[in-house]
Number of protein chains: 2
Amino acid sequence: MVANDSFQPTEVELQMLRILWDLGPSPVRDIHSHLNASKGTNYSTTVKMLSVMLDKGLVRRDETVSPHIYRPAFTRQSAGKRLMKDLVEKVYDGATMSLVLHAIKSMKASPQELSEVRRLLDEMEGKK
Amino acid sequence: MVANDSFQPTEVELQMLRILWDLGPSPVRDIHSHLNASKGTNYSTTVKMLSVMLDKGLVRRDETVSPHIYRPAFTRQSAGKRLMKDLVEKVYDGATMSLVLHAIKSMKASPQELSEVRRLLDEMEGKK
DNA sequence: ATTAATTGGCGAAAACTTTCGCTAATTGGG
DNA sequence: CCCAATTAGCGAAAGTTTTCGCCAATTAAT
């Protein structure tokens, strides 16, 4: 049971995290080339963002090697889960189900995907 | 098929929208008393936020009556849908299904709710 | 070694969000 | 009508996020 002050990476921070999730642990240069490609920011900006994110605990840094290597402080999954929880909280007053229904409705799921959801439902009921 | 520049109400804006969704169309005073209750802001702040939100198109205002009446520019549902889409975009690279699975896993759904999801799945397959 | 190129970081500017003081306009009661 | 109370709004302060210029440190090349 951990304290849960809502987790809020900013826009760019999230963009950066996504790059890291896609690339895996990387030096600034690589991260920058992706960020720059998508929004033309300066190298210094990328370095700074990473240092801000390091302060906030959003990324980790390995300084024993050079160039330094950055990695996300958590997985895409756990970030998604926390962000979703916040969203549900803020929009639906905590009613996760509403959200799920909307998600399902708005996606164009393949039959396999649908059956995967179904499988999960069965599993949950089984456990009950 | 409408253009979709990612929709980003800020923290307080969302809080305000939530109040409006809960209350329905309301005058500033009512909105304020709720906002103030939850975070002790000044009346002026509420008025200002609403005018900023009006500029951004997040709320509508009926000026023919007095006090003016504010209403959200869209439903809780559609906001939820857009925010979710953004989230999925930013975190999962568009893979909605991942999100749904996480949502389902992380919620403590009642049997009724689960069967509602199941019903929806059937419906979707039926339509296919 | 000395120089050139790459990498790392500070501090402050620019941009945006959130706050409120103060004033103007509107309303309701006497 | 006039006054008090409520409502609306402007403009600027305070707080955050995002940006970058400039310099220091590290690495690589001659």
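Atom set for the values below is all heavy atoms of this structure, side chains included, hydrogens, waters and symmetry mates excluded. Computed from a prediction, not measured in an experiment: that's the story for all the values here. Chain letters run A, B, ... following the sequence lines, proteins first and then strands; every chain starts at 1.
- Note on B:V12: only backbone sugar-phosphate atoms sit closer than 4.0 angstrom, heavy atoms only; bases stay farther off.
- Here D:dA12 is the nucleotide among D:dT7, C:dA12, D:dA12 with the atom lying nearest to any side-chain atom of B:K48.
- Going from atom CD of B:E11 over to atom P of D:dT16 covers 13 Å, rounded to whole Å.
- Whole-Å rounding puts the A:M53 CE to C:dG9 C1' distance at 17 Å.
- More than 12 non-hydrogen atoms from other residues, nucleotides or ligands lie less than 6.0 angstrom from NZ of A:K90.
- For D:dC20, the OP1/OP2 oxygens have a side-chain nitrogen or oxygen of A:T45 closer than 4.0 Å.
- Contact check, B:Y43 against C:dG21: no side-chain N or O comes under 4.0 Å of OP1 or OP2.
- Following rounding to the nearest Å, A:I31 (CD1) and C:dG8 (P) show an atom-to-atom distance of 10 Å.
- Among D:dT17, D:dA8, C:dT19, the nucleotide with an atom closest to any side-chain atom of B:V47 is D:dA8.
- Checking D:dT27, C:dT26, C:dT18 against every side-chain atom of A:S66, the shortest atom distance belongs to D:dT27.
- Put simply, B:H68 has a side-chain N or O that comes within less than 4.0 Å of OP1 or OP2 on D:dA8.
- Hydrophobic cluster membership differs between B:L20 and B:I69, with clusters built from Ile, Leu, Val, Met, Phe, Trp and Tyr side chains linked at under 4.5 angstrom.
- Here D:dT18 is the nucleotide among D:dT18, C:dG8, D:dT7 with the atom lying nearest to any side-chain atom of A:M49.
- With no hydrogens or angles considered, a side-chain donor-acceptor pair links B:E11 and A:Q8 at under 3.5 Å.
- Using a 4.0 Å heavy-atom cutoff across all strands shown, B:V28 reaches sugar-phosphate atoms only and no base atom.
- Applying the 4.0 Å criterion to OP1 and OP2 of C:dT18, one finds that B:K39 has every side-chain N and O outside that range.
- Of the charged side-chain nitrogens involved, at least one lies within less than 4.0 Å of a carboxylate oxygen, so that A:D122 and B:R118 count as a salt-bridged pair.
- Nearest-nucleotide positions on DNA chain C place A:R61 closer to the 5' end than the other of B:E13 and A:R61.
- Rounded to whole Å, atom P of C:dT7 lies 14 Å from atom CG of A:N42.
- A:K56 places its NZ atom 10 Å from the C1' atom of D:dT18, with the value rounded to the nearest Å.
- When rounded to the nearest whole Å, the span between NE2 of A:H32 and P of C:dT7 equals 11 Å.
- One interatomic measurement links the two molecules: CZ of B:R29 to P of C:dT27, which rounds to 15 Å at whole-angstrom precision.
- Here the P atom of nucleotide C:dT7 and the CG atom of A:N36 are 14 Å apart, to the nearest Å.
- Across all strands shown, B:S44 has heavy atoms under 4.0 Å from base atoms, whether or not it also approaches the sugar-phosphate.
- The pair A:R76-A:D22 meets the salt-bridge criterion, with a side-chain N (NZ, NE, NH1 or NH2) lying under 4.0 Å from an Asp/Glu carboxylate O.
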